[in-house]
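Following: one structure in structure tokens, then a few remarks.
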Amino acid sequence: MAGLLEHSGYDEERLKRAAEQLPCREVQAGMLLSLMGEPHQYCYPSIFIYGHRASGKSHVINVLMKELELPHATLSCVECVSVALLFEQVLRSFFGCDVASLLPRSPSLTDFVRIYRQQSPARQTRYIVMEKAELLRDADANLLPALLRLQELVEDNVTVILLSEIVWDTFRPNTGCFEPLLLHFPDYSKVELQQILSQDRHPSYSAELYSFYVSILLGVFYSVCRDLRELRHLAALNFSKFCEPLAEGKVKETDTHKLWKNIEPHLKKAMQTVYLREVSSLQWEQMQQMEEETGALKGLSAHTHVELPFYSKFLLIAAYLASYNPARTDKRFFLKHHGKIKKTNFLKKNEKTTNHLLGPKPFPLDRLLAIFYSVVDGRVAPTASIFSQISSLVTLQLLAQVSHDDQLDSPKYKCAVSLEFICNISRTVNFDIMKYLYDFL
């Protein structure tokens, strides 16, 4: 497929090596080379590349820059928490540490442009590659417009390449700016994923066997996950289980039906924790051995530990308390100076069973937040981050939204985790949830 990367300005051998490392992305790489032009010619000032996660954006750029030996500076907007770090990394990549040290302690855009223009002009196009470019929207208002026309400001042959997962329309400032060239990277199709994943075959087994294993994997996971990185992780995680009958000599590589029957239940249970990454491959294998010894097969959903952000843990704790405590007991648990109230004062004649036997009850959002602010350590402002974490808990199926989507003013939720699960979560934040559960007073 090297013919798709033909370009008069670059060596054919280098283009061939680059094409070999870009399976199913030769078309996008060829379009990018056309936009970049020949090395000694002025390139377009800015290029905006967008596409979903794991669609090959960074990989294509890095391969082309490395194989064609183009002068470039690759920056991550996640790591560059200030403009000072961004300017310093660009100057260090192009001109060395001595030039980067000329920046003042709190450099402005003018300082960066002044120091850059003092250096020798580029003999060929210099490229500034910025990953996670969507974070630039939260930076200074003049930073993004300046980067888009940096070639004009520094009067040099330099091109800024922005990589993002979102479209350009969300970047465009209200005051207007220089419009970059747009290049879209579409998601990999199922056939393309099959071709890419099949290249990671195990050396101990034939290519046909691994290709069959990949087709089984995609048949199970493709409907819920099309992320190449996650699929690679799942392929490496479950391949040893797929090969167990072969290692034990029970079947041959040609017995595809038996291999499929052996791995299918295992893969369907693993679907419950796609993206969560609760355990590593080694831990997964060790747990499978323990489960086989006890004669019980448990899926990943049986594990009671999931890595969550700090405030998400307290939100889940508050949701559990709201689901299993009657609303009238909130004053007793979360209000200071409530006085001495005995549990018998709360009991009704018809309360003959505990709330844990009846199951979780729905609760409104305002009650969840009221309990959350009562149990969390320190003062927490009601920011958009807190509300986005509630949505994430719903996405992870740890909370269930029981109200209609059109009820924006008063959504209702239910907690969907077990007592053992919430106790383990509580221990990670040193919170004794048993003291706040009405059933265990």
Side-chain angles (χ1 to χ4, degrees), residues 32 35-37 39-50 57-58 61-62 64-66 68-166 168 170-182 381 383-385:
L32 184 58
L35 297 178
M36 292 163 59
H40 302 287
Q41 297 176 344
Y42 264 70
C43 181
Y44 200 78
S46 52
I47 301 174
F48 184 82
I49 301 176
Y50 64 102
K57 303 181 297 294
S58 298
I61 289 291
N62 293 333
L64 291 179
M65 295 295 167
K66 179 181 177 181
L68 302 181
E69 296 184 354
L70 302 174
H72 66 283
T74 301
L75 314 174
S76 172
C77 294
V78 176
E79 299 175 359
C80 296
V81 295
S82 66
V83 293
L85 287 174
L86 189 151
F87 295 154
E88 181 183 351
Q89 289 193 30
V90 171
L91 293 177
R92 185 189 298 118
S93 299
F94 290 148
F95 310 113
C97 297
D98 294 338
V99 175
S101 63
L102 298 176
L103 284 170
R105 177 167 296 182
S106 298
S108 64
L109 180 62
T110 304
D111 296 324
F112 170 73
V113 172
R114 173 179 54 81
I115 295 175
Y116 190 106
R117 295 178 67 172
Q118 292 174 354
Q119 312 309 312
S120 58
R123 297 182 178 179
Q124 56 177 317
T125 307
R126 294 174 177 146
Y127 296 95
I128 301 176
V129 182
M130 308 195 68
E131 300 178 346
K132 297 291 182 182
E134 54 266 19
L135 297 179
L136 291 174
R137 299 178 301 168
D138 301 326
D140 295 339
N142 64 339
L143 180 61
L144 179 60
L147 290 173
L148 294 174
R149 53 193 289 263
L150 186 63
Q151 186 179 105
E152 176 187 347
L153 295 176
V154 300
E155 297 180 351
D156 195 20
N157 188 7
V158 59
T159 294
V160 175
I161 300 178
L162 304 177
L163 307 181
S164 177
E165 297 181 13
I166 57 181
W168 167 249
T170 62
F171 281 77
R172 188 179 292 109
N174 296 330
T175 56
C177 64
F178 184 85
E179 294 288 326
L181 292 178
L182 306 183
T383 61
S385 175

In Å, rounded to the nearest 0.5 Å, how long is the span from [atom1] of [X] to [atom2] of [Y]?
X	Y	atom1	atom2	value
Thr125	Met36	OG1	CE	7.5 Å
Asn157	Gln41	CG	CD	9.5 Å
Ser76	Leu135	OG	CG	7.5 Å

Ile47, Val158, Leu70, Val160 screened by side-chain contact (heavy atoms from CB on, under 4.5 Å) with Tyr127, the one that passes: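 It is Leu70; the other options fail the test.
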
Minimum heavy-atom separation for [X] to [Y], with atom names?
X	Y	result
Cys77	Met130	SG-CE, 3.9 Å
Ala133	Leu162	CB-CB, 3.9 Å
Glu179	Trp168	OE1-NE1, 2.8 Å

Aromatic ring pairing Tyr44/Phe178, orientation class (parallel under 30°, perpendicular over 60°, tilted between):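 The arrangement is tilted - the two ring planes meet at 30° to 60°.
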
Pairwise side-chain contact, Leu86 with Phe112, heavy-atom cut-off 4.5 Å (strictly under):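 With C-beta onward as the side chain, the pair stays apart.
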
Side chain proximity check, Arg149 to Pro45, heavy atoms < 4.5 angstrom: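 The answer is no; the side chains never approach within 4.5 Å.
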
Main-chain N/O of Ala122 paired to Asp156 side chain as donor or acceptor, under 3.5 Å: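 Yes, Asp156 side chain to Ala122 backbone: donor-acceptor pair under 3.5 Å.
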
Check: Ser108/Asp111 side-chain N/O donor and acceptor closer than 3.5 Å: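 Checked: Ser108/Asp111 side chains pair up, N/O donor to acceptor below 3.5 Å.
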
Centroid separation Tyr116 to Phe95 less than 6.0 Å: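 Distance test on ring centres: under 6.0 Å, yes.
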
